[in-house]
Amino acid sequence: MCGRFALFRWSPALVALPGFPPRLEPRWNIAPGQQVLLLRAGADEREAALVHWGLTPAWLSDLSRAPAQARAETLAEQPLFREAFRARRGLLPANGFYEWRGPRRRPFWMSSAELPLLSMAALWEAYPVGERVYLSAAVVTVAAGSQRRPLLLDAAGEALWLDPAASAEALQALLAAPPLPLRERLLAGLGNKPQEEGPQCLTPA
């Protein structure tokens, strides 16, 4: 599954979005339970916000069970995801993500040869606590052999995913679309622990 990703480089266009954190720190080893950058549809343009990685609907009583991933195959049926899938879709920008394979759990860095920034499909929720409202998100994952990978969207897919008027049929077709091509690099494993942070996480094997 997608349990770790990185966002250490972004474009001026992203910085110009309403809500973009003025002091966003580069991150090489983002893990569930931490803060992630979410893009969502605004009134006139996309908006950015820092949110908790782990979806917390307002009715969720045990926040320790907030899911970081949502399986694409069951978004429309699962009570935990179906309302967010219908009305609260977003994007998590990333420079790449990590994948561990085989019995020795060897780490690979997955990125794009063509896109400096990946757009991972996500769902978001608002969780009220007193007078404050906290935002949270889960990344949408699809099957990739024996792995689960984030649903990655191109420019057209981004626009459709964020469109509040998108039909259920169009969204289901997007969930089943062929995956975007990725390149992979075997890593030394310095980022295996969530506590490790910095460019050394991407040290090749």
Side-chain angles (χ1 to χ4, degrees), residues 1-7 19 21 27 29-42 46-94 96-100 110 118-153 157-180 194:
M1 66 180 64
C2 178
R4 222 81 65 73
F5 71 94
L7 179 61
R27 295 289 312 280
N29 200 9
I30 305 170
Q34 298 177 350
Q35 295 286 292
V36 293
L37 184 68
L38 172 76
L39 307 182
R40 55 180 178 161
R46 294 179 185 179
E47 299 175 348
L50 275 181
V51 309
H52 176 82
W53 186 10
L55 199 70
T56 55
W59 50 263
L60 188 67
S61 57
D62 184 357
L63 299 187
S64 67
R65 302 185 64 182
Q69 296 88 21
R71 297 172 69 94
E73 298 88 341
T74 55
L75 292 182
E77 293 83 28
Q78 282 204 0
L80 190 58
F81 303 125
R82 63 189 177 198
E83 187 60 26
F85 176 51
R86 186 188 67 81
R88 290 181 290 277
R89 299 181 298 274
L91 304 169
L92 300 183
F97 61 93
Y98 298 92
E99 194 169 88
W100 284 265
M110 311 298 294
L118 300 174
S119 288
M120 304 189 297
L123 307 176
W124 64 270
E125 285 282 7
Y127 190 92
V129 179
E131 296 182 356
R132 294 193 61 181
V133 175
Y134 295 89
L135 298 180
S136 64
V139 63
V140 176
T141 67
V142 294
S146 61
Q147 300 280 339
R148 302 287 308 179
R149 288 180 179 170
L151 172 62
L152 302 174
L153 303 175
E158 290 178 23
L160 176 61
W161 186 253
L162 294 182
D163 183 359
S167 68
E169 293 77 13
L171 291 173
Q172 288 294 342
L174 189 61
L175 294 175
L180 297 181

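Predicted model only: the values in this text are computed from it and were never measured.
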Give the minimum heavy-atom separation between [X] and [Y], together with the two atoms involved.
| X | Y | result |
| --- | --- | --- |
| S119 | E158 | OG-OE2, 2.7 Å |
| G3 | P32 | O-CD, 3.0 Å |
| L162 | R40 | CD2-CA, 4.2 Å |
| F5 | A94 | CD1-CB, 3.5 Å |
| A166 | R89 | CB-NH2, 3.9 Å |
| R148 | A143 | NH1-N, 3.5 Å |

Would you say that [X] contacts [Y] through its side chain, given a criterion of any heavy-atom pair below 4.5 Å between the two side chains?
| X | Y | answer |
| --- | --- | --- |
| F85 | L175 | yes |
| Q35 | H52 | yes |
| L92 | L38 | yes |
| L91 | M120 | no |
| L60 | E125 | no |
| F81 | R71 | no |
| Y98 | I30 | no |
| F97 | P150 | yes |

Legend entry - Pair T141-Q69, side-chain donor/acceptor within less than 3.5 Å: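 Judged by distance alone, the side chains do not pair up.
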Distance check, rounded to the nearest 0.5 Å: [X] atom [atom1] versus [Y] atom [atom2]?
| X | Y | atom1 | atom2 | answer |
| --- | --- | --- | --- | --- |
| E73 | L75 | CD | CG | 8.0 Å |
| L7 | N29 | CG | CG | 13.0 Å |
| T56 | L80 | OG1 | CG | 9.5 Å |
| E47 | L39 | CD | CG | 10.5 Å |

Legend entry - side chain to side chain contact (heavy atoms under 4.5 Å, CB included) assessment of W161 paired with V140: CA-CA 11 Å; W161 186 253; V140 176; 4.0 Å; yes
Legend entry - side chain to side chain contact (heavy atoms under 4.5 Å, CB included) evaluation trace for M110 with L118: CA-CA 10 Å; M110 311 298 294; L118 300 174; over 6 Å; no
Under 3.5 Å, side chain of [X] to main-chain N/O of [Y], donor-acceptor pair present?
| X | Y | value |
| --- | --- | --- |
| S167 | A170 | yes |
| R88 | A137 | no |
| W53 | Q34 | no |
| W124 | A138 | no |

